[in-house]
2 protein chains.
Amino acid sequence: MPPVAALPAIPPPARRGRPRKMESERDEGNRRQALMAEAARLFRAKGFDGTSTRDIAAAAGMQSGSPFYFFQSKQALLHAVMQEGMARAEASQAAALKALGARAPAQERLRTLARHHFEVLLGPGSDFIPVMLFEWRSLDAAQQQEVRALKDAYEAAWMPVLRALHRAGRLKARPEVARLFIFGALNWSVQWFSDRGQLSLDELTAQALLLFTGQA
Amino acid sequence: MPPVAALPAIPPPARRGRPRKMESERDEGNRRQALMAEAARLFRAKGFDGTSTRDIAAAAGMQSGSPFYFFQSKQALLHAVMQEGMARAEASQAAALKALGARAPAQERLRTLARHHFEVLLGPGSDFIPVMLFEWRSLDAAQQQEVRALKDAYEAAWMPVLRALHRAGRLKARPEVARLFIFGALNWSVQWFSDRGQLSLDELTAQALLLFTGQA
DNA sequence: CCTACCGATCGGTAGG
DNA sequence: CCTACCGATCGGTAGG
């Protein structure tokens, strides 16, 4: 049922469009990816300002100055984490909707979207999107605008579903406001959900549908 | 309608239980309160780790070392902000429920609770609770436990209302899970609500009730 | 990628 | 509360 067990791999941006050149370049991509993964984990746990580039370097098995070989600045690393996270989330969301089929009822499409979003927030290897959600203010204005566009596209996929439920009388609030509240309800689960709790992501999804549409 | 125009003043903790001693001590309370207010504003805008004690001192018109005359550490100042915020919010929430009367229907009690919570999150002078919500991790374990108790008491006041709505069939999700999702939906508004937007806090409240209970 | 380093900033303190 | 200060840490860089 989970549309994304692990988020699908995406080619490292540094390699995009260039021909592969064997070992050296693949390693370079690996090191860059490793830095992003460790940065995401640490930014989530301790915040952007609470994490030093030395922490990140050590977690990736590097010396303190080495992250700056791969990223222009600490802020650029944060930006890369958010872009990569949004690109993956957008791709896996689209894949989940496609797998469901276009003629599925609105309630089922909402279930798929919510279940997928919980996976992105709470599933294994899910540090990138929580970092985007909570470390937003540490980007500069231009970076915020760029990430905002990716986030808007991701959330826009929910609107046809919310409008259909609204027309059918299953969603009473205005769809635009409902979207804001629903994303809030789901995103906030990052603050309280724990693996060792009794709720699975499927049960979480069912309860969310009950709350918003009155049925599961 | 807003039960709290400005959050009700609470005597500064340093003075509690002691007899008033005129100018000097009242000033001391004022300086302490000013530090907390400026700290809350800056912690909200830039985060705990992104705010220096020098920033806070300057905003309160002091020299860089002076905050440590009033607070043992930067972390103790954060803790004080959260405690003060929760004490005020708890008091104003209780006052709002009391003003409504005990025999009001569950839907009206939920409206009062939600409207009050929006005021605490988004109204004038509302920096203390957002700081508590988003800077949680910067407290040590003992401080977290203490603030957690205040937060639990605040949220517990919602449970009889949610259970009544659940029994009446107006709230379909399990009340405990509904509470988590509802607080998430409301709390997240801190991230997107803007004063110059078209929604008033009353309209926000009405849309939230529509989403969760199907009626406003 | 590592080594070696710099300038800036930070939380906090002693002594008044 | 201010003055003057300290040790630690931080982001980032030059040169290889």
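Residue numbers start from 1 in every chain, and the chains themselves are labelled A, B, ... in the order their sequence lines are given, proteins ahead of strands.
Note: B:W188 and A:W188 have perpendicular aromatic rings, judged against thresholds of 30 and 60 degrees for the angle between ring planes. Using a 30° and 60° split on the angle between ring planes, B:H116 and B:Y154 fall in the tilted class, from 30° to 60°. Between B:W158 and B:H117, the two ring planes are perpendicular [angle over 60°; tilted spans 30° to 60°].
Between C:dG11 and B:T53, a contact under 4.0 Å exists linking OP1 or OP2 to a side-chain N or O.
Rounded to a whole Å, the CE atom of B:M62 is 17 Å from the C1' atom of C:dG11. If you take CD of B:Q63 and P of C:dG12, they are 18 Å apart, rounded to a whole angstrom. We find that CZ of A:F48 is positioned 13 Å from P of D:dC10, with the value rounded to whole Å. Following rounding to the nearest Å, A:R54 (CZ) and C:dA4 (C1') show an atom-to-atom distance of 11 Å. Whole-Å rounding puts the B:D55 CG to C:dA8 C1' distance at 14 Å. D:dT9 atom P lies 12 Å from atom NZ of A:K46, rounded to whole Å.
Within residues 67-80 of chain A, the residues that place at least one heavy atom under 4.0 Å from DNA chain D are, in residue-number order, A:F68, A:S73, A:K74.
Of the candidates B:K46, B:K74, B:R41, B:K46 is the only one forming a salt bridge (charged side-chain N to carboxylate O under 4.0 Å, His left out) with B:D55.
Considering all non-hydrogen atoms of both residues, B:L171 and B:F212 come closest at CD1-O, 3.6 Å. In terms of heavy atoms, A:P130 sits closest to A:R44 at CG-CZ, 3.6 Å.
Each of B:S66 and A:S64 was assigned the nucleotide of DNA chain C with the nearest heavy atom; the assignment lying further toward the 5' end belongs to A:S64.
Between B:F43 and B:W136, the gap from one ring centroid to the other reaches at least 6.0 Å.
At distances below 3.5 Å, not a single donor-acceptor pair connects side-chain atoms of A:E84 with backbone N or O atoms of A:F128. Side-chain atoms of B:T213 do not come within 3.5 Å of backbone N or O of B:L210 as any donor-acceptor pair.
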- Using Watson-Crick and G-U wobble pairs with both distances under 3.5 Å, what is the 5'-to-3' dot-bracket string of DNA chain D, with [ ] for crossing pairs and | for pairs outside the strand? ||||||||||||||||
